[in-house]
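Lettering of chains follows the sequences in order, A, B, ..., and the numbering in each one begins at 1.
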Number of protein chains: 2
Amino acid sequence: MKIGELAQVAQCTVETVRYYEKEGLLSAPARTMANYRSYGELHVERLRFIRNCRALDMTHAEIHRLLGLMDQPAGDCGGVNQLLDEHIAHVDVRMAELSQLKQQLRELRQRCQSEQAMDACGILQGLASMETEPRHERQTHLG
Amino acid sequence: MKIGELAQVAQCTVETVRYYEKEGLLSAPARTMANYRSYGELHVERLRFIRNCRALDMTHAEIHRLLGLMDQPAGDCGGVNQLLDEHIAHVDVRMAELSQLKQQLRELRQRCQSEQAMDACGILQGLASMETEPRHERQTHLG
DNA sequence: ACTTGACCCTATAGTAACTTCAGGGTGTGC
DNA sequence: GCACACCCTGAAGTTACTATAGGGTCAAGT
Ligand SMILES: [Zn+2]
Ligand SMILES: [Zn+2]
Ligand SMILES: [Zn+2]
Ligand SMILES: [Zn+2]
């Protein structure tokens with residue numbers, strides 16, 4: 001199986017596959033005589049796994065950890081469960097941030113109900129007079 | 001006013017101020033004889049405005065547009081209102097995405113209630129068997 | 001006068017997860 | 001024998017900063 005076919009079954013681009021190999025998420029496959037990458041079923045499974053993790057917005061670091069845990073079939077899955085809990089917490093943090101943002105934006109939007117002169121716009125006035133607060137450290141990788 | 005003082009009143013770092021200048025968000029100030037940047041009240045206002053926009057997770061492109069609209073005081077504020085509506089839509093899209101993600105993660109988490117053997121872990125099984133869907137184009141800049 | 005320390009300057013590289021591009025080889029159907 | 005789809009590598013672009021290297025400026029203390 002060549003890279004184009006692999007990319008198609010995993011719903012991603014050829015460039016993404018090559019990128020994952022460079023990142024160490026996907027192991028380097030055998031090559032044909034023409035130096036083409038040649039993949040098997042295991043690569044398909046692993047790439048689909050990675051894409052599913054990405055669809056859940058895990059980072060490459062998280063996926064790396066997960067793959068590392070999976071590749072030690074002797075142990076128990078406690079680390080897997082924990083990783084998922086941590087990632088769910090990342091999502092929770094970002095959802096809370098966005099809720100607050102949404103509320104602020106709603107209030108700001110209410111300050112101008114119609115098209116006015118520029119310097120009468122309550123939105124611009126609001127943006128100028130907001131309390132500027134220091135950027136706090138992020139507790140989530142979700143932007 | 002030197003750059004350190006400006007950064008302090010705007011709750012950001014000196015590097016960020018210099019970066020905004022390079023990006024064209026903040027106009028280049030006068031220089032002292034020692035080649036130090038020298039800022040006035042207008043710079044303070046503009047930087048605070050920018051930081052407030054960033055606190056609302058607007059992109060630099062959005063802030064650029066906003067500053068461009070503000071700098072034409074002759075027009076009405078329709079564009080400002082529209083920009084805010086668009087940005088609120090960005091937040092809405094991302095909140096909806098995260099809600100769905102959270103639901104998926106909750107379901108996935110439920111598939112493993114205790115520490116089991118690695119190949120019995122319902123989470124890993126779930127991640128392996130999820131329907132891999134193509135990445136759709138993003139309708140929001142919020143990660 | 002000399003040094004220490006806090007501040008300032010520029011330019012460059014690194015972050016995350018890709019995407020795009022330049023410049024080239026391979027393989028198949030007509 | 002040639003068009004065209006596919007493959008290869010390596011480098012640069014994306015966003016909004018952050019960090020580092022390597023240097024200049026200035027006020028206070030000794
Ligand atoms: Zn996470
Ligand atoms: Zn308005
Ligand atoms: Zn937006
Ligand atoms: Zn488990």
Side-chain angles (χ1 to χ4, degrees), chain A residues 1-26 28-39 43 47 50-67 87 90 94 134-138 140-143, chain B residues 1-26 28-39 43 47 50-67 87 90 94 134-138 140-143:
Chain A
M1 176 182 265
K2 283 188 285 183
I3 196 170
E5 197 181 339
L6 175 64
Q8 203 167 16
V9 305
Q11 301 281 24
C12 68
T13 69
V14 165
E15 289 76 24
T16 299
V17 175
R18 285 197 282 249
Y19 175 64
Y20 287 167
E21 179 181 331
K22 199 162 54 180
E23 287 293 282
L25 285 177
L26 202 56
R31 298 288 183 130
T32 68
M33 272 178 313
N35 198 30
Y36 287 9
R37 288 171 180 82
S38 177
Y39 296 96
H43 287 103
L47 179 54
I50 295 168
R51 292 305 294 173
N52 288 338
C53 290
R54 289 292 300 130
L56 295 171
D57 263 4
M58 292 184 200
T59 62
H60 283 191
E62 286 169 329
I63 299 170
H64 247 307
R65 262 175 72 198
L66 209 41
L67 293 174
H87 182 59
H90 298 157
R94 186 55 177 160
R135 228 353 137 172
H136 40 286
E137 295 177 27
R138 14 197 57 217
T140 176
H141 54 82
L142 301 168
Chain B
M1 176 183 262
K2 284 187 285 184
I3 196 171
E5 198 182 339
L6 175 65
Q8 202 165 17
V9 306
Q11 301 281 24
C12 68
T13 69
V14 164
E15 289 75 25
T16 299
V17 176
R18 286 197 282 250
Y19 175 63
Y20 288 167
E21 179 181 330
K22 200 163 51 180
E23 288 293 283
L25 286 176
L26 201 56
R31 298 286 184 132
T32 68
M33 272 178 314
N35 198 30
Y36 288 8
R37 289 171 179 81
S38 179
Y39 297 96
H43 287 102
L47 180 54
I50 294 168
R51 292 305 294 173
N52 289 338
C53 290
R54 289 292 301 131
L56 296 171
D57 264 5
M58 291 184 201
T59 62
H60 284 192
E62 286 170 329
I63 299 170
H64 247 306
R65 263 176 70 199
L66 208 42
L67 293 173
H87 183 59
H90 298 157
R94 187 53 176 160
R135 219 10 130 168
H136 40 286
E137 295 178 27
R138 7 200 59 217
T140 176
H141 54 81
L142 300 168

Bending between helix ends of the helix from C:dA1-D:dT30 to C:dC30-D:dG1 [5 pairs per end, 10° resolution]: 30°
Min side-chain heavy-atom separation B:Thr16-B:Arg51 under 4.5 Å: yes
A:Leu47 CG - C:dC18 P separation (whole Å): 11 Å
Ring center gap for A:His43 and A:Tyr20 short of 6.0 angstrom: no
Sub-4.5 Å side-chain heavy-atom contact between B:Cys53 and B:Leu67: no
Any side-chain heavy-atom pair of A:Thr13 and A:Tyr19 under 4.5 Å: no
Salt bridge flag under 4.0 Å for residues A:Arg138 and B:Asp57: no
Proximity of B:His141 and B:His87 rings by center, below 6.0 Å: yes
Nearest-angstrom distance from the residue atom CD of A:Glu137 to P of D:dA19: 10 Å
Spacing of A:Met33 atom CE relative to C:dG25 atom P, expressed in whole Å: 19 Å
Spacing between B:Glu21 atom CD and C:dC8 atom P, to the nearest angstrom: 14 Å
Pair B:Arg31-B:Arg37, side chain to side chain contact (heavy atoms under 4.5 Å, CB included): steps then yes or no: CA-CA 5 Å; B:Arg31 298 286 184 132; B:Arg37 289 171 179 81; 3.4 Å; yes
Under 4.0 Å protein heavy-atom contacts per nucleotide of nucleotides 4-18 of chain D, with B for base, S for backbone only and - for none: --BSSB------BBS
Residues A:His64 and A:Glu23: side-chain donor-acceptor under 3.5 angstrom: no
